[in-house]
Amino acid sequence: MAEYSMPELIARKRDGGTLDADELRWVIDGYTKGTIPDYQMSAFLMAVVCRGLSSDELAAWTEAMLHSGDVLDLSSIAAPKVDKHSTGGVGDKVSIPLAPLVAACGVAVPMMSGRGLGHTGGTLDKLESIPGFSTSFTADEFVAQLADIGIVLAGQSESLVPADRKIYALRDATATVPSIPLIASSIMSKKLAEDLDALVLDVKVGSGAFMKDLGDAETLARTMVDIGAAHGTKVVAHLTAMDQPLGYEVGNANEIRESIQVLRGGGPPDLVSVTMLLAEEMLLLGGVAPDRSAARDRLEVALSSGAAVDRFRQVVAAQGGNPDVVDDPALLPAPDHLHEVVASRSGYVTRCDALTVGWAAVRLGAGRSRKEDRIDPAVGITLHAKVGDRVEAGSSLATVGWNDRERLDGCLELLETAWEFADEAPPAARLVLGEVR
Ligand code: URA
């Protein structure tokens, strides 16, 4: 491979120029191997955030990420292989109940997820709050578990999309997340490495999403659908609201607890709606249900019969976690202290801002501010009042589970600005905003 000068490539992108496929491959390869340092890659990523990538650049960048490690060969798995990925939100734990639910309906789910990114939580961090749970796989281990139990909940690793593993961690700590080409390439490189038959995307829109408005979210969705089509993978994107957190729990162990409620047939209505919408789509794309109503019936049976929660127990055990947490969530890490955030006035909640709650959770220790930070799996925020709810002055808006006083103070400073109230109830907000296929 030719040698290039990183400062020169950074400067070209900073000034709005383009890089060719060889140059982009060299950047990905060098960063993955460690010959390009974090500080140069951070500058390059920021230049991409500001200047974007052309469609040729995006195709070459995604391809280089995809081939930075092993690409799975799942041809030995007879079941349809369908995965789901979200562009990221606050309280967005949908993947955790959805994957075992769909696997229990006969679709193989080879899921490669990410860690917390910016103010959003990450599936891997949440799963690792289960004592012993490991998300690290070689390609052979991945295929073996998928053949065995029809579901893998993995992360990028040294061998699977290592470029995304490194770039993702760097973006988290350098405010270089909200970029359509960086999000699209990060998601699609992981998903294309999974050798899928089809992919369902949940593109989040709103204050707590990386795409704040519908137009940008549609562009991101179209970009990913087109990357899938160029690789022969069917991709369907649903656009869903992220102005307030999904469900009531934000944090890591907190979100596992709420996911278990969904797998047991309960859980908050907004979380259940999004989970069922995406699960239905996966069953349709996997060809195991002829229409939405049949897909729904099959999913309901998997929930009510206990098959979905059983599959979760199985995957937790297979990945080294303690499966007893499924029946006794008290075995999950818990904070030492609780603090109540109370309403300053009576009225209807008109805003429970996802972005503010997300950053408050990061300050609390549920996310990272530096690559090296260790998250605290036990801390989190349990919401008691969301948009449309009536509250009385002094009633609890949220319970904060905390372990470190300074972190609590930082969290509360933000959290106290998250809610707004009015005397009239606000109109009901839409949860599902569109689709791109
Ligand atoms: N999820 C990912 O995997 N990558 C992103 O950049 C955003 C969400």
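Order of appearance sets the numbers: ligands from 1, and atoms from 1 within every ligand.
Figure legend: cation-pi geometry between Lys13 and Phe44 absent, as NZ or CZ is not positioned both under 6.0 Å from the six-membered ring centre and within 45° of its axis.
For atom 3 (O) of ligand 1, the nearest protein heavy atom (residue, atom name, distance) is Lys190 NZ, 2.5 Å. Of all protein heavy atoms, the one closest to atom 4 (N) of ligand 1 is Ser186 OG, 2.7 Å. Nearest protein neighbour of atom 7 (C) of ligand 1, counting heavy atoms only, is Leu117 CD2, 3.4 Å. Atom 1 (N) of ligand 1 has His85 NE2, 3.2 Å as its closest protein atom, hydrogens excluded (heavy atom only).
The part of Thr87 lying near ligand 1 is the backbone, judged by heavy-atom distances below 4.0 Å. Residue contacts with ligand 1 for Phe210 are absent, since no atom lies close enough (heavy atoms, distance under 4.0 Å).
In this structure, Val177 does not count as a contact residue of ligand 1, since none of its heavy atoms falls inside 4.0 Å of the ligand.
Those atoms of ligand 1 with a heavy atom of Ser86 less than 4.0 angstrom away are 1 (N), 8 (C).
A donor-acceptor pair shorter than 3.5 Å can be found between the side chains of Lys204 and Thr240. Residues Ser189 and Asp164 bring no donor and acceptor atom of their side chains to less than 3.5 Å of each other.
In this structure, the side chains of Leu412 and Val341 come closer than 4.5 Å at one or more pairs of heavy atoms.
Exactly one of Met224, Lys191, Glu194 qualifies for a side chain to side chain contact (heavy atoms under 4.5 Å, CB included) with His85. That residue is Lys191.
Relative orientation of the Phe210 and His119 rings is perpendicular, given thresholds of 30° and 60° on the angle between their planes.
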